[in-house]
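Notes for the one structure printed next.
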Amino acid sequence: MSMTQQAAPAVGTPPAPGRGPADGRTRHRSLALRLLARPEVGVFLGAVAVLVFFLIAAPTVRQGSSMATVLYQSSTIGIMALPVALLMIGGEFDLSSGVAVITSALTASMLSFQLTVNVWTGVAVALLVSLGIGAFNGWMTVRTGLPSFLVTLGTFLILQGVNLAVTKLVTGNVATDDISDMDGFEQARKIFASSFDVGGVQVKITVVWWLVFAALATWVLLRTRYGNWIFAVGGNKESARAVGVPVNFTKITLFMTVGFGAWFVGMHNLFSFNTVQSGEGVGQELIYIAAAVIGGCLLTGGYGSAIGPVFGAFMFGMVNQGIVYAGWNPDWFKAFLGVMLLGAVLINLYVQRTATRR
């Protein structure tokens with residue numbers, strides 16, 4: 001058929017006025033399908049199931065102090081899982097996030113102690129270092145075109161070696177010196193590692209920060225232009241660039257957001273324990289990524305939410321502490337982790353297929 005030819009009009013009863021063709025794109029979907037289309041629904045149901053299971057299997061979980069401990073464990077994972085999730089929605093992920101937490105804490109501790117300055121000076125420098133690590137990861141990724149897996153794997157190895165070597169060089173040990181008697185320590189501890197009383201139960205301040213950051217991340221994703229950019233660059237960066245989205249800026253700032261999260265968790269670790277072990281943090285990056293994946297984020301980018309990783313982190317905290325409260329061998333935690341991860345991937349796959357089925 002030539003380009004000037006037109007298809008003959010179809011013969012049949014025309015559609016009723018005001019009603020278009022009932023194809024898969026325009027037909028009304030049920031409330032259940034619309035709920036299934038949300039990335040956080042599956043993990044929410046999973047979190048409820050895990051909570052109910054341990055409420056039955058481990059009666060100790062029903063106590064307020066036990067639940068406060070679960071929330072604390074969840075918050076230390078969840079604060080980092082949020083920026084990691086945003087980065088994954090943007091189509092990238094960071095393997096250096098675990099050791100970057102320790103790098104931040106080591107920087108603040110050694111700088112403050114060795115130079116005998118107010119700890120807030122160390123905190124500020126640690127923030128700059130953490131943001132710089134994130135900016136480096138982002139710049140290398142967009143500048144070279146290498147997969148972020150390779151770039152951040154290199155950063156992971158560099159930071160792991162630097163953390164141990166520099167700590168030994170400066171302190172003569174694998175851990176930093178105690179800074180609890182230094183100026184500014186108590187003020188910083190109130191912000192990063194304090195507790196408050198709720199009905200006679202001590203709740204860590206990190207739980208509050210976790211929920212605040214989750215609310216902020218949700219607002220950014222759903223109500224701001226930057227949130228649209230995140231989804232756009234994660235879905236198809238070339239198409240996003242074609243319509244004017246600043247792809248490089250978005251990706252670099254997302255890596256810097258991970259750096260900010262690493263700084264915050266690092267400061268919590270420092271002001272909770274007064275000292276830092278230089279070899280810690282290895283393997284935590286997989287926990288953060290797994291919490292984001294369980295929360296509904298896809299490794300391919302362009303899909304996810306900030307609320308889903310909150311439930312994903314809660315599942316981690318619940319399983320980690322629930323096994324202890326149930327009196328089981330804690331070595332089973334890794335097995336539970338693997339089951340949760342595979343289950344979440346399968347649920348996410350089912351949810352997407354069900355939500356998009358015509």
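Values reported hereafter were calculated over all heavy atoms of this structure, with side chains retained and with hydrogens, waters and symmetry mates removed.
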Linking I/L/V/M/F/W/Y whenever any side-chain heavy atoms sit under 4.5 Å apart, do [X] and [Y] land together?
X    : Y    : value
L128 : L159 : no
I77  : V324 : no
Y325 : Y72  : no
L169 : V125 : no

Looking only at heavy atoms, which two atoms of [X] and [Y] are closest? And how far apart?
X    : Y    : value
A175 : Q277 : CB-NE2, 3.5 Å
L82  : W210 : CD1-O, 3.9 Å
G138 : I252 : C-CG1, 3.6 Å
F249 : Y226 : CE2-CE1, 4.2 Å
V247 : A240 : CG2-CB, 4.3 Å
A217 : L86  : CB-CD1, 4.3 Å

Compare all side-chain heavy atoms of [X] with those of [Y] and state whether any distance is below 4.5 angstrom.
X    : Y    : answer
Y288 : V258 : no
F156 : E285 : yes
I287 : F316 : yes
S97  : Q284 : no
M267 : V123 : yes
L106 : S278 : yes
F314 : V70  : yes
T103 : I133 : yes

Within the distance-only criterion (no hydrogens, no angle test), does the side chain of [X] pair as donor or acceptor with the backbone N or O of [Y] below 3.5 angstrom?
X    : Y    : value
T176 : T275 : no
W229 : G90  : no
T167 : N163 : yes
T141 : S148 : no
T152 : D94  : no
D197 : G200 : yes
S112 : S109 : no
S194 : I191 : no

Could you grab the distance from atom [atom1] of [X] to atom [atom2] of [Y], nearest 0.5 Å is fine?
X    : Y    : atom1 : atom2 : result
L153 : L157 : CG    : CG    : 5.0 Å
Y303 : C297 : OH    : SG    : 9.5 Å
I230 : L221 : CD1   : CG    : 5.0 Å
I289 : L299 : CD1   : CG    : 8.0 Å
L131 : S104 : CG    : OG    : 9.5 Å
S74  : N320 : OG    : CG    : 9.0 Å

Would N269 and V276 satisfy side chain to side chain contact (heavy atoms under 4.5 Å, CB included), going step by step from the backbone distance to the final call?
CA-CA 7 Å; N269 290 345; V276 185; 5.7 Å; no
Scan side-chain atoms only and decide if N173 and T171 contain a donor-acceptor pair under the 3.5 Å cut-off.
no
Does any donor atom in the side chain of T155 or S96 lie under 3.5 Å from an acceptor atom in the other side chain?
no
What residues, two or more places apart in sequence or in another chain, satisfy side-chain contact (heavy atoms from CB on, under 4.5 Å) together with [X]?
X    : answer
V166 : M110, V162, V170
K168 : L164, V174
S195 : Q202, K204

Going through the distances and angles, do V203 and L71 end up as a side chain to side chain contact (heavy atoms under 4.5 Å, CB included)?
CA-CA 8 Å; V203 179; L71 291 176; 5.7 Å; no
In residues 43-65, what donor-acceptor pairs under 3.5 Å come from side-chain atoms, sequence neighbours left out?
from, atom 1, to, atom 2, distance (Å)
R62, NE, L55, O, 2.8
R62, NH2, L55, O, 2.9

Go through it in stages, so that I can follow the logic: the residues are M88 and L298, the test is side chain to side chain contact (heavy atoms under 4.5 Å, CB included), and I'd like the CA-CA distance, side-chain angles, deciding distance and then a yes or no.
CA-CA 7 Å; M88 289 177 62; L298 298 182; over 6 Å; no
Tell me whether the count of non-hydrogen atoms from other residues, nucleotides or ligands lying under 6.0 Å of CH2 in W120 goes above 12.
yes
Taking it one step at a time, do L87 and T257 satisfy side chain to side chain contact (heavy atoms under 4.5 Å, CB included)?
CA-CA 8 Å; L87 181 64; T257 303; over 6 Å; no
Assert yes or no for the condition that the ring centre distance of F213 to F264 is strictly below 6.0 Å.
yes
When the aromatic ring centroids of F273 and H268 are compared, is their separation below 6.0 Å?
no
Salt bridge (charged side-chain N to carboxylate O under 4.0 Å, His left out) partners for E92, two or more places apart:
K251
Partners meeting ring pair (Phe, Tyr, Trp, His ring centres under 6.0 Å) with W263 (sequence neighbours left out):
F192, F260
